[in-house]
Amino acid sequence: MDALREAWQGLLTIPHLGSWLLAAWAAYLLLLGGWIVLQKREPVATLSWLLGLALLPYLGFFIYQVFGPQRIKRQRLRRARSRQALPPEDFFADAAHADAAELARLGLATTGLAPASARDVRLLVDGAAKYQALLADIAKATKHVHLEYYIYEPDRTGAALRDALAGRARAGVRVRLLVDAIGSARSRRFFKPLLEAGGEVAWFHPMRFGHVWRRPWANLRTHRKIVVIDGRVAYTGGMNVTDEQDERLGDAAYRDLHLRLEGEVVRALQLVFCEDWAYATGDRDFLSSVARDTPREAAPGPVRAQVLVSGPDSPWEAIHRLHVSAIQAAKTRVWMTTPYFVPGEAAMMALTSAALAGLDVRLLVPRESDSKLVTLAARSYFGPLLVAGVKIHEYGPRMLHSKSLLVDDALVLVGSANFDHRSFRLNFEVSVLFDDPGLAAELATLIEGECAHAPRVQRGRHRPLLGARLPEALARLMSPLL
């Protein structure tokens, strides 16, 4: 302690130390502030980062390095998208929704993924239905099984899937599993039996703190849930691999929704997985080899479908744009389910405008999500929605984890993306947009049943200052980071 005290006293004797420190602080703020300003992002976000860097010179820089906005360049991996066969000219001739073709063009322009068709689409409600169907399809695999998940837990559900994959790997099936390095951090040793059976496991954005200018990707995660089996069957939606999403293992399991798909649309999900695998592993030849092994459909299916992807490797926020555009295209109703509701200005404008125009606008959210902060932030947006006429229902006691959008009697959007800033801007997400009255009717029945057991939030309800309004307002300040 004496040595430290003497060292500090020695520093204080340096001539003009205060001036040097002030000059260093000004240079630091000027250089980094100029770098942030030149990124030309939202003014509020830019000012927030500048203020943080000014008030917390060293800590602020570390926080920005880890959690600040970043872009990833993967354009070369997307060249295969442009080679996808476009649908015939009359693909939307008998579309069920008047704006289906316009939305498809928007999806193609922002993602490079063309609209396709599905021969079979199944809505799988809750984990038991999803895991049962998935394990049955994996057991039939003869060529390959490709999986990508954000959360893969080393529990009973994870073990059952791992062992099924290991069994197919021993039978000569190529098994490739891509998991997020943070979402599935507890499962590293857990995959040893799969590796020993000949399967492959890769990690998306593992944390590596290297050179100070080589920014870590702690805040950029793959939130996608994709399974492709032999290029003929695909799964996607909101469910991870965890006991928390299997109602057979507990009454508190999440309420969730997943898709099982067959038909042309499977090729698009295959391509998305292949791009992510090639990006995570560096295996660029993998894209072309799998494309050769993926069969093409002899005839289009009856359901129009389009895979949508978004992430920090694209500036277009495709899934966000398609949500807002679909809401704006609504003529009679907009029904949405989401576990995390932290909308931006464009989304709030679209929802309130639809309600003010007299449309049936419903929002189904969990009564209590798995994040108290997100729950508070979501409720801070309820006031304007209720005034505009939006019907808000809070589902419980189970956690609602479904991510779906129903517009009128034809448009359906289901996927991994929540209705929040993180899903729209930071995470790698995947969703599927459908134009199909039958699927829309099935989703409408599902949402109606859930709303019937979810109390409606009443306008004018008692909101104490310290118990509700202030915590919600403070949580809303954190919404860009949620």
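Heavy atoms only: backbone and side chains are in, while hydrogens, waters and symmetry mates are out.
With rounding to the nearest 0.5 Å, the separation of OH in Tyr235 from CG in Leu124 is 6.5 Å. Note that OG1 of Thr236 and CD of Glu148 are 9.0 Å apart. Values are rounded to the nearest 0.5 Å. With rounding to the nearest 0.5 angstrom, the OG atom of Ser369 is 5.5 Å from the OH atom of Tyr340. How far CZ of Phe382 is from CG of Leu385: 8.0 Å, rounded to the nearest 0.5 Å. Annotation: the span from Thr222 atom OG1 to Ile182 atom CD1 amounts to 12.0 Å, rounded to 0.5 Å. Here the OG1-CG distance, from Thr338 to Leu400, works out to 8.0 Å after rounding to the nearest 0.5 Å.
No side-chain donor-acceptor contact under 3.5 Å links Ser314 to the backbone of Gly311. Side-chain N or O atoms of Thr337 include one that pairs as donor or acceptor with a backbone N or O of Ser404 at under 3.5 Å. With hydrogens and angles ignored, the 3.5 Å screen pairs a side-chain donor or acceptor of Ser416 with a backbone N or O of Val430. The backbone N or O of Ser380 lies less than 3.5 Å from a partner atom in the side chain of Arg476, making a donor-acceptor pair. Using modelled atom types, one side-chain atom of Ser187 and one backbone atom of Tyr152 make a donor-acceptor pair closer than 3.5 Å. Using modelled atom types, one side-chain atom of Lys225 and one backbone atom of His223 make a donor-acceptor pair closer than 3.5 Å. Side chain of Glu244 to main chain of Tyr254: no donor-acceptor pair is present (N/O by atom type, distance under 3.5 Å, no hydrogens or angles).
Counting heavy atoms from C-beta on, the side chains of Val303 and Ser117 never come closer than 4.5 Å. The closest side-chain heavy-atom distance from Asp360 to Thr332 is not below 4.5 Å. With contacts defined as side-chain heavy-atom distances shorter than 4.5 Å, the pair Leu249/Asp246 qualifies. A 4.5 Å side-chain heavy-atom check between Val412 and Leu439 finds at least one atom pair inside the cut-off. Here the side chains of Val457 and His393 are not in contact, with every heavy-atom distance at 4.5 Å or above. A 4.5 Å side-chain heavy-atom check between Trp316 and Thr111 finds every atom pair outside the cut-off. In this structure, the side chains of Arg221 and His205 come closer than 4.5 Å at one or more pairs of heavy atoms. Residues Leu413 and Val432 fail the side-chain proximity criterion, which asks for heavy atoms closer than 4.5 Å.
Between Lys331 and Asp99 there is a salt bridge, since at least one side-chain N of the basic residue sits less than 4.0 Å from a carboxylate O of the acidic one. The pair Asp436-Arg304 does not meet the salt-bridge criterion, since no charged nitrogen lies less than 4.0 angstrom from a carboxylate oxygen. The pair Asp256-Lys130 fails the salt-bridge criterion, with no side-chain N (NZ, NE, NH1 or NH2) lying under 4.0 Å from an Asp/Glu carboxylate O. For Arg422 and Asp420, the salt-bridge test fails: no basic side-chain N is under 4.0 Å from an acidic carboxylate O.
For Pro464, the side-chain contact (heavy atoms from CB on, under 4.5 Å) test picks out His462, Ala468, with sequence neighbours left out. Listed by chain and number, the residues in a side-chain contact (heavy atoms from CB on, under 4.5 Å) with Glu153 are Ile151, Asp155, Arg186, Thr242 (sequence neighbours excluded).
Nearest heavy atom pair, residue Leu308 against residue Gly107, reads CD2-CA, 4.0 Å. The two atoms that bring Val309 and Ala318 nearest to each other are O-CB, 3.4 Å, heavy atoms only. The minimum heavy-atom distance linking Leu411 with Asp435 is given by the pair CD2-OD1, 4.0 Å. In terms of heavy atoms, Leu269 sits closest to Leu261 at CD1-CD1, 3.7 Å. The minimum heavy-atom distance between Val390 and Leu351, with the atom names listed, is CG2-O, 4.1 Å. Taking every heavy atom of both residues into account, Gly344 and His421 meet most closely at CA-CE1, 4.1 Å.
Between Phe428 and Phe204, the ring centre distance stays below 6.0 Å.
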Check against salt bridge (charged side-chain N to carboxylate O under 4.0 Å, His left out), Arg425 and Glu317: CA-CA 6 Å; Arg425 298 178 179 178; Glu317 299 181 20; 3.2 Å; yes

Worked check of side-chain contact (heavy atoms from CB on, under 4.5 Å) between Arg321 and Thr110: CA-CA 9 Å; Arg321 285 178 186 269; Thr110 53; 4.0 Å; yes

Stepwise side-chain contact (heavy atoms from CB on, under 4.5 Å) test for Val342 and Phe419: CA-CA 6 Å; Val342 188; Phe419 205 80; over 6 Å; no

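When each of Arg333, Met336, His97 is paired with Val407, the side chain to side chain contact (heavy atoms under 4.5 Å, CB included) condition holds for His97 and for no other. Between Asp126 and the choices His258, Gln245, Arg398, the side chain to side chain donor-acceptor pair (under 3.5 Å) rule is met once, by Arg398.
Ring geometry for Phe424 versus His323: interplanar angle of 30 to 60°, hence tilted. Between His146 and Phe273, the ring planes are parallel. Angles under 30° get that label, and only those over 60° would be called perpendicular.
Neither side chain, Trp203 nor Asp180, offers a donor N or O lying under 3.5 Å from an acceptor on the other. Using modelled atom types, one finds a donor on one side chain and an acceptor on the other under 3.5 Å when comparing Ser423 with Glu429.
Pairs passing the salt bridge (Lys or Arg N to Asp or Glu O under 4.0 Å) check and including a residue from residues 441-461, sequence neighbours excluded, read Arg255-Glu450.
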